[in-house]
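Notes for the one structure printed next.
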2 protein chains.
Amino acid sequence: MHAYTASRISLPSHSAQPSPPAAFGSEPQQPVNFFPAGSEIYAQGEKAGALYQVEFGAVRIYRLLADGRRQISAFHLAGETFGFEADSTHHFFAEAINATGVRAFRFSAGADMSHQLLPLALKGLTRAQEHLLVLGRQNAIERVAAFLVDMAERQGGLRQVELPMSRMDIGDYLGLTIETVSRVFTRLKDKGVIRLLSLRSIEIVKHDALHCMSE
Amino acid sequence: MHAYTASRISLPSHSAQPSPPAAFGSEPQQPVNFFPAGSEIYAQGEKAGALYQVEFGAVRIYRLLADGRRQISAFHLAGETFGFEADSTHHFFAEAINATGVRAFRFSAGADMSHQLLPLALKGLTRAQEHLLVLGRQNAIERVAAFLVDMAERQGGLRQVELPMSRMDIGDYLGLTIETVSRVFTRLKDKGVIRLLSLRSIEIVKHDALHCMSE
DNA sequence: CTGGGCACTTGATATGGATCAACAATCCGC
DNA sequence: GCGGATTGTTGATCCATATCAAGTGCCCAG
């Protein structure tokens with residue numbers, strides 16, 4: 001169904017960790033599971049019961065409508081954690097965007113992880129609520145600008161930003177079509193705000209201007 | 001700035017509680033704070049440090065862009081809880097929609113509430129992520145239908161649904177203008193799917209059809 | 001190196017919802 | 001109950017983005 005080409009990109013792994021990454025309790029180090037590009041990590045409806053931490057690569061979290069429309073609610077880069085659910089069922093799909101390593105932390109029965117989980121859940125909640133503002137009230141340029149600013153910050157705030165995902169993924173994250181995403185990239189390039197180093201790698205030339213556009 | 005008229009509506013308080021409402025630890029019963037229609041409960045940037053439970057009335061949680069565009073990320077009805085933040089600062093505004101009673105639970109220093117808070121935070125996270133799908137990928141009719149279905153469920157699944165908020169609030173929640181919200185209501189009425197009992201009270205005539213439209 | 005298949009870009013056109021503009025209904029103070 | 005203010009509805013028009021349709025360039029298999 002989805003056929004994705006293998007990753008050419010390795011993201012810098014100094015991405016800003018939303019909260020202390022490793023050190024989940026004093027559990028023994030979990031093995032890293034490998035997922036090739038486009039492969040499913042879990043599916044909507046499956047039984048949940050583990051947290052996942054991205055070791056390398058990138059993950060998309062999404063939902064589908066009956067007719068195939070897709071909304072990506074989050075991307076997760078190296079160092080970030082995903083997989084919590086309100087009940088014991090996954091309400092979303094998780095897929096590796098490209099070759100990705102993931103550490104799974106199963107909940108040991110009885111162990112109360114709520115102390116570690118709460119800050120991660122709250123961080124996710126804030127992120128999702130901020131994304132609501134983007135989807136509900138911002139136009140195409142503002143959405144793309146906000147996305148690029150966010151990606152830049154999560155990659156350490158460098159000028160060069162790697163985009164591990166396709167234009168379609170970006171569109172499905174921002175509630176836009178691939179054509180609109182592409183056109184906005186071109187416009188930003190023409191304005192000298194960004195440079196397209198390659199399809200999946202951009203340089204932010206005018207950081208302030210970009211930040212401004214994202215409101 | 002915002003002037004809201006006083007509430008004419010008292011919501012049925014048997015609304016489906018997302019999780020056990022009262023019983024926050026064994027704390028002494030907190031007093032109910034009263035907020036008149038349109039009044040602020042907390043503001044973005046303020047110091048956080050309490051959870052709030054709606055006793056009666058309704059609350060809107062929102063963010064603003066610099067130019068005044070507003071996105072309401074959630075409504076909270078009687079029995080529901082709001083106010084958690086990832087850090088000690090409020091990232092959103094909370095306002096009483098109409099005359100509203102709220103119980104505030106301050107975090108006692110040292111007390112670890114994470115066990116109670118986590119399920120509420122996760123519930124909120126799932127809600128927000130589902131709302132992302134609505135804002136990112138659904139059209140006006142689907143958005144309104146999804147909103148009405150949600151409101152109906154939260155009010156016990158009865159035919160008659162009370163809408164404590166204005167069309168503007170609904171628009172700012174669904175990422176639409178008041179005109180579009182109004183037109184969709186009219187269309188649903190003309191199709192015989194709903195009946196408008198009064199401005200703030202509707203009857204769902206064809207529940208299945210409505211559910212279907214919300215996808 | 002060559003050819004086929006994707007992912008992406010670019011252009012032309014269509015359209016859903018925004019905007020602008022009256023108008024109608026409801027609420028509320030007096 | 002009256003009159004002004006506020007909230008909601010309806011209609012006409014506009015525009016941002018979707019959709020449809022070529023094209024281009026990149027990547028991988030052979």
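Chain identifiers are assigned alphabetically (A, B, ...) following the order of the sequence lines, protein sequences preceding nucleic acid strands; residue numbering begins at 1 within each chain.
Between B:Leu174 atom CG and C:dA18 atom C1' the separation is 15 Å, expressed in whole Å. Look at CD on B:Gln138: it is 11 Å from P on C:dG17, rounded to the nearest Å. Atom CG in A:Asn139 sits about 15 Å away from atom C1' in C:dT19, given to the nearest Å. A straight line from CG of B:Asn98 to C1' of D:dT7 spans 14 Å, rounded to a whole angstrom. Here the C1' atom of nucleotide D:dT7 and the CG atom of B:Asp172 are 14 Å apart, to the nearest Å. Here D:dA16 presents its P atom at 16 Å from CZ of A:Arg137, a figure rounded to the nearest Å. Taking atom CD1 on A:Ile97 and atom P on C:dA7, their separation rounds to 14 Å, with Å as the unit. Between A:Leu176 atom CG and D:dT19 atom P there is a gap of 11 Å when expressed in whole angstrom units.
Electrostatic pairing of B:Glu130 and A:Arg63 counts as a salt bridge here, judged by a charged N lying under 4.0 Å from a carboxylate O. With respect to the salt-bridge test (charged N to carboxylate O, under 4.0 angstrom), the residues B:Arg60 and B:Asp172 do not qualify.
Applying the salt bridge (Lys or Arg N to Asp or Glu O under 4.0 Å) rule to pairs touching residues 34-50 of chain B yields nothing, sequence neighbours excluded. Applying the salt bridge (Lys or Arg N to Asp or Glu O under 4.0 Å) test to pairs two or more places apart or on separate chains, those with a residue in residues 202-213 of chain A are A:Arg159-A:Glu203, A:Arg195-A:Glu203.
B:Phe185 carries B:Arg167 over the face of its six-membered ring, with the cationic atom under 6.0 Å from the centre and within 45° of the normal.
Using modelled atom types and a 3.5 Å distance limit, the side chains of A:Gln160 and A:Glu162 yield a donor-acceptor pair.
Each end of the helix from C:dC1-D:dG30 to C:dC30-D:dG1 gets its own axis from five base pairs, and the two axes differ in direction by 50°, given to 10 degrees.
The listed nucleotides are D:dG8, D:dA18, C:dA18; the one nearest the side chain of B:Arg200 is D:dG8.
Two residues are said to be in side-chain contact when any heavy atoms from C-beta on lie closer than 4.5 Å; B:Phe82 and B:Val59 meet this criterion.
Under the ring pair (Phe, Tyr, Trp, His ring centres under 6.0 Å) criterion, A:Tyr173 pairs with A:Phe75, A:His131, A:Phe147, sequence neighbours left out. When the side chain to side chain donor-acceptor pair (under 3.5 Å) test is applied to B:Arg69, the partners found at least two apart in sequence or on another chain are A:Glu142, A:Glu215, B:Asp67.
Within the nucleic acid shown, B:Gly175 comes within 4.0 Å of sugar-phosphate atoms alone, with no base atom in reach, counting heavy atoms only.
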Protein-nucleic acid N or O pairs under 3.5 Å, nucleotides 9-12 of chain D:
| residue | atom | partner | partner atom | Å |
| --- | --- | --- | --- | --- |
| D:dT9 | OP1 | B:Arg167 | NH2 | 3.3 |
| D:dT9 | OP2 | B:Arg167 | NE | 2.9 |
| D:dT9 | OP2 | B:Ser182 | OG | 2.7 |
| D:dT9 | O5' | B:Ser182 | OG | 3.0 |
| D:dT10 | OP2 | B:Thr186 | OG1 | 2.5 |
| D:dG11 | N7 | B:Arg183 | NH1 | 2.8 |
| D:dG11 | O6 | B:Arg183 | NH2 | 3.2 |

